[in-house]
Amino acid sequence: MKGMHGMVEAIDRSEAQRILDSPDLIAIGVRADDVRREMHGSRTTFVRVFEIHVDAAPAALPSRVSAGEFRIVGRPASAEAAVAAVRAAATHANGVPVTGFSLADLHALGQDAFPAFCRALRDAGLDGIAEVAVDLLDSDSAPAIAQARACGLGVMRLTVQAPAADRIAIVLRARELQETAGGFRAFAPLPRQPSIAAPSTGYDDVRSVAVARLLATGIESIQVDWPLYGPKLAQFALTVGADDVDGVAALDSGTLGTRRSPIEEIRGNIRAAGLDPAERNARYELVG
């Protein structure tokens, strides 16, 4: 499904809706996997993430931590708290990229002084903003992305915060943002906060991943979250369009033995799906 210049062509909205309405998961999966393999072959990237809560930085790292990303999670109470959290995380990272926060939260704190705030975060050791939730975008989002990047912060990951009635519109927002702002390496189409009152089914999630791959071909990687959606769904998602796994545990307790360590578990799951694992860091650089 390539255009005249060799680019993989995206489907349109009406075709995306037919996919969401279709009960034929096998055909949907095969079609999305074809596009995924055309873009990436069998390579499947993953990142080990060590999370540090914005209000609870550890005094020291536990033993047996190996990460490609130190990620600050939680919403900072103030700009000063955000900078302090970055500084604390950077002391533990030892050169591993430090990411953190959402664009929406940081922009709300920085407001008119957002560029200065971004510079302060960068100077404290922040490598990049962890996520841009496409369902929280407003008219100030595009300028904020450009300002953060101009200050030296990476802004490379699009996410979805909450379930949406119109899942196609969410993917189209991600596609449009890539077309206008550029620079995004991955899009995670499944919500970070699943609905408790009306949870999605595995069928819904699989269709959403497939539609994201087919509709947003301008975004390099479709990402699935390992701890949030679980190894089984994550592994299945890799066969229907996803090619990147986020949030693999960076801490190995050592109690289960080498073959059951987080790194071997993710590699084994990727290989079991007929794919080739490749570890990366927060900058989407291959490591190891």
Side-chain angles (χ1 to χ4, degrees), residues 19-20 25-26 28-29 32-33 35-36 40 43-51 67-69 71 73-74 99 102 130-136 156-168 170-171 173-174 184-216 219-251 260-275 277-280 282 284:
I19 290 172
L20 288 181
L25 286 183
I26 294 177
I28 293 168
D33 186 60
V35 172
R36 175 239 199 271
H40 300 284
R43 192 184 79 176
T44 300
T45 50
F46 67 92
V47 59
R48 288 188 278 180
V49 178
F50 185 76
E51 292 188 348
E69 179 176 352
R71 185 181 298 168
V73 298
T99 70
S102 72
E131 59 184 87
V132 177
V134 295
D135 50 335
L136 300 181
M156 294 187 283
R157 178 172 174 248
L158 294 169
T159 62
V160 177
Q161 186 65 17
D166 190 344
R167 286 176 284 165
I168 295 174
I170 290 293
V171 181
R173 286 187 198 176
F184 292 101
R185 298 292 301 273
F187 172 43
L190 301 182
R192 305 293 302 167
Q193 294 181 345
S195 173
I196 297 176
S200 64
T201 67
Y203 290 99
D204 294 331
D205 295 334
V206 166
R207 290 188 184 95
S208 292
V209 170
V211 163
R213 179 65 290 163
L214 293 167
L215 197 57
I219 300 175
E220 181 179 345
S221 290
I222 298 301
Q223 185 183 86
V224 64
D225 189 288
W226 182 257
L228 185 60
Y229 281 89
K232 290 183 179 179
L233 179 59
Q235 184 185 49
F236 191 21
L238 297 178
T239 69
V240 295
D243 65 277
D244 184 77
V245 182
D246 182 60
V248 176
L251 176 62
R260 295 183 65 187
S261 65
I263 185 68
E264 290 307 319
E265 183 183 13
I266 183 63
R267 286 171 175 163
N269 272 267
I270 290 171
R271 291 188 182 112
L275 302 165
E279 188 169 7
R280 66 167 178 85
Y284 293 83

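By convention here, the first residue in the shown sequence is residue 1.
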### Check against side chain to side chain contact (heavy atoms under 4.5 Å, CB included), Arg173 and Leu158
CA-CA 10 Å; Arg173 286 187 198 176; Leu158 294 169; over 6 Å; no
## Note on the structure
Shortest non-hydrogen pair, Val171 vs Ala212, comes out as CG1-CA, 3.9 Å
### Message
Quick check against the 3.5 Å criterion: does Asp135 have a side-chain atom that pairs as donor or acceptor with the backbone of Ala162?
### Response
yes
### Task
Taking the side chain as every heavy atom from C-beta outward, state whether Asp204 and Arg167 have any atom pair closer than 4.5 Å.
yes
#### Entry: Arg213 side, atom CZ; Asp33 side, atom CG - distance, nearest 0.5 Å
11.5 Å
### Message
Could you go through Asp243 and Ser221, starting from their C-alpha distance and side-chain angles, then the distance that decides it, and tell me whether this counts as side chain to side chain donor-acceptor pair (under 3.5 Å)?
### Response
CA-CA 6 Å; Asp243 65 277; Ser221 290; 2.7 Å; yes
### Query
Given Thr44 and Arg36, is the side chain to side chain donor-acceptor pair (under 3.5 Å) satisfied, shown in steps?
CA-CA 10 Å; Thr44 300; Arg36 175 239 199 271; 2.4 Å; yes
### Message
Show, in sequence, the C-alpha distance, side-chain angles and deciding distance for Ser208 and Asp205, and conclude whether the side chain to side chain donor-acceptor pair (under 3.5 Å) test is met.
### Response
CA-CA 5 Å; Ser208 292; Asp205 295 334; 5.4 Å; no
### Query
How many angstroms lie between CD in Glu69 and CD in Glu51, if you round to the nearest 0.5 Å?
9.0 Å
### Task
Apply side chain to side chain contact (heavy atoms under 4.5 Å, CB included) to Arg207 and Leu25, showing your working.
CA-CA 8 Å; Arg207 290 188 184 95; Leu25 286 183; 3.8 Å; yes
### Flag side-chain contact, heavy atom, 4.5 Å: Trp226 against Val49
no
### Atom pair CD1/CE of Ile219 and Met156 - distance to nearest 0.5 Å
14.0 Å
### Message
Could you measure the distance from the CZ atom of Phe46 to the CG atom of Asn269? Nearest 0.5 Å is fine.
### Response
11.0 Å
### Message
Within a 6.0 Å radius of atom CZ on Arg43, are there more than 12 heavy atoms belonging to other residues, nucleotides or ligands?
### Response
no
### Residue pair Ile222 / Pro189, side-chain heavy-atom distance below 4.5 Å
yes
### Query
Between Leu190 and Val209, is any pair of side-chain heavy atoms under 4.5 Å apart?
yes
### Task
Hey, could you give me the CD/CZ distance between Glu131 and Phe187, rounded to the nearest 0.5 Å?
12.0 Å
### Query
Would a distance-only check, ignoring hydrogens and angles, find a side-chain to backbone donor-acceptor pair under 3.5 Å from His40 to Ala242?
no
### Query
Which heavy atom in Gly247 sits nearest to a heavy atom in Pro227, and how many Å separate them?
O-CD, 3.3 Å
### Query
Side chains of Thr45 and Arg185: does their closest heavy-atom pair fall under 4.5 Å?
no
### Distance (rounded to the nearest 0.5 Å) between Leu238 CG and Leu233 CG
9.5 Å
#### Entry: Heavy-atom side-chain proximity of Arg157 to Thr99 below 4.5 angstrom
no
### Task
Compare all side-chain heavy atoms of Val206 with those of Ile28 and state whether any distance is below 4.5 angstrom.
no
## Note on the structure
Nearest heavy-atom approach of Arg280 to Asp246 is NH2-OD1, 4.4 Å
